[in-house]
Chemist: 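First the structure, then my questions, so here it is.
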Number of protein chains: 2
Amino acid sequence: MTEKELRLKTAEIEKISHLDYFNIAISVDCVIFGYDEKELKVLLIKSDLEEFAGLHSLLGDLIRPDEDLETASYRILKERTELDDVYLEQVQAFGSINRHPSGRVITIAYYSLIDIKNHKLQLNHNQLNWHPVNTIRKLAFDHKLILDTCLKRLQEQVMETPVVFNLLPEKFSLRELQELYEAILGVELDRRNFRKKISIKDWLVDMDEMENDVPHRPGKLYRLKAEHKRNNPLTARI
Amino acid sequence: MTEKELRLKTAEIEKISHLDYFNIAISVDCVIFGYDEKELKVLLIKSDLEEFAGLHSLLGDLIRPDEDLETASYRILKERTELDDVYLEQVQAFGSINRHPSGRVITIAYYSLIDIKNHKLQLNHNQLNWHPVNTIRKLAFDHKLILDTCLKRLQEQVMETPVVFNLLPEKFSLRELQELYEAILGVELDRRNFRKKISIKDWLVDMDEMENDVPHRPGKLYRLKAEHKRNNPLTARI
DNA sequence: ACAAAAGTGTTACTCCTACACCCATGA
DNA sequence: TCATGGGTGTAGGAGTAACACTTTTGT
């Protein structure tokens, strides 16, 4: 190796030699899960690309040069849903060469959880709608793969960390919580064992309140302990 | 919403409107773990950027417009180590705005596992060297964070899936395997319990051979069952 | 009174942990 | 013969799964 090759480059010089490579675009796609009517749903938009006419796609956008990955995901969420106090978690990058017909676009997938009923979105315009996750067969781009990957990640995390509470209203009964777990995991759970498991985790506070709109014996209401709430770290910093 | 706004765009038209965004570069960084002398090591290179003079960095490179993420990682591995029959797994994207002094570079981190002794690298030139993982304090860019994240992922996967065998020679004794687990997890393990746990997983084949270069009673040699071997999916396809 | 779900404990089983002795080999 | 690790089993504890009856409320 020669003296010349060993000489340190400055970042400026390196940048010039890299200019050829600045022609891959990079986007964020958000798998926004919601829960309503005992079903896990995902927020989809009608694709506006001719190539995918009739198909739906995830919410996504290109990342701007001056925003980091999290900022971009929160921006997309905010633009499309008006929400910014939301749980978001990165899952994986997807970068097959031909995944996007416009050119080379690498995307980074995030999943997000929101309580459908408490965050009424303006769904009527911009072709945005909730779709039950297990009715979805085909999406634009590789978005079905992204959805499946994010759902799998959600399923893995659900018993480990208190994330699902983002899908529920502030107060909820143990029955509602169990139905949510069943919807996410796609299995039936034993009521007594489920309650034991949850109570061991020590995530909940008994609110000394009862359900009052149910046509049967009302259950106690609980909420997530404040210490386990995870919101948007960007707004939390303010 | 007007008729015009509703009209579908073609991908071609969309591409034009996105041109502004094609100025983020995207790279792959590989955390290449190796195992030798009872220590978990990682392959690092002296940074060639003035800004990081004296620091080491992971092996990485910009992704070319015509290669997908996996291809890029395997290319980097191949260029730097001459190896292409290797386990590689995507961990996460890192995209803070100022993580790279040359400009905006989003990177996708992969980890890789290779058997140091069986794959003698040309370490002498190009400033490439193995470093014990737990002696590393500071790296160029955000590479320490990337390393820590990848190590955590490796630790999570190690008991779930048979990945660690990529760090060992074809034949190995249970002692060697246990020492490897201890190095990765950073804890001591009970010999009897470890052997039970491994035997339940049914990953290994008894080779009816003994160690022969040890200064004590030799142990049996095992190898990973063929059905659990995971190699480079790109070369495997050929 | 009936329907619907709330609330609650025990038993059996599985899994995990902690722990100690004799054996085979090389020096 | 000594040093080194190989090889093995068991008992106690923790956690998990299966399972049924009584209670409360609304209709």
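Proteins come first, then strands; the chains are lettered A, B, ... in the order of their sequence lines, and each starts at number 1.
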Chemist: Rounded to whole angstroms, how far apart are CZ on Phe194(A) and P on dA5(C)?
Modeler: 16 Å
Chemist: For the SG atom of Cys30(B) and the CD1 atom of Ile146(B), what is their distance to the nearest 0.5 Å?
Modeler: 10.5 Å
Chemist: Tyr222(A) has an atom OH; how far is it from atom P of dA6(C), in whole Å?
Modeler: 11 Å
Chemist: Using a cut-off of strictly less than 4.0 Å, decide whether Lys197(A) has a side-chain nitrogen or oxygen near OP1 or OP2 of dA17(D).
Modeler: yes
Chemist: From CG of Asp213(A) over to P of dA4(C), roughly how many Å is that when rounded to an integer?
Modeler: 18 Å
Chemist: Would you mind building the protein contact string for nucleotides 19-27 of chain C? One character per nucleotide, 5' to 3', B for base within reach (heavy atoms under 4.0 Å), S for sugar-phosphate only, - for untouched.
Modeler: BB--BBBS-
Chemist: For the pair made of CZ in Phe172(A) and C1' in dA6(C), what is the distance, rounded to whole Å?
Modeler: 16 Å
Chemist: At what distance, to the nearest 0.5 angstrom, does CG of Leu69(B) lie from CD of Gln90(B)?
Modeler: 6.0 Å
Chemist: Under 3.5 Å, side chain of Asp142(A) to main-chain N/O of Leu145(A), donor-acceptor pair present?
Modeler: no
Chemist: Can you tell me the distance, in whole Å, between the NZ atom of Lys38(A) and the C1' atom of dA5(C)?
Modeler: 10 Å
Chemist: Among dA5(C), dT17(C), dG6(D), which nucleotide sits nearest the side chain of Arg175(A)?
Modeler: dA5(C)
Chemist: Distance check needed: dT16(D) C1' versus Leu189(A) CG, whole Å only.
Modeler: 13 Å
Chemist: Calculate the interatomic distance between Arg195(A) atom CZ and dT16(D) atom P; express it in whole Å.
Modeler: 18 Å
Chemist: Figure out the NZ/C1' separation between Lys220(A) and dG7(C), and round it to whole Å.
Modeler: 9 Å
Chemist: Taking all non-hydrogen atoms of both residues, which atom of Leu58(B) and which atom of Ile45(B) are closest, and how far apart?
Modeler: O-CG2, 4.0 Å
Chemist: Assign the ring pair Phe141(A) / His100(A) to parallel, tilted or perpendicular, where the plane angle (0 to 90°) is split at 30° and 60°.
Modeler: tilted
Chemist: Identify which one of Phe165(B), Tyr222(B), Tyr181(B) satisfies the ring-ring contact (aromatic ring centres under 6.0 Å, His included) criterion when paired with Phe172(B).
Modeler: Phe165(B)
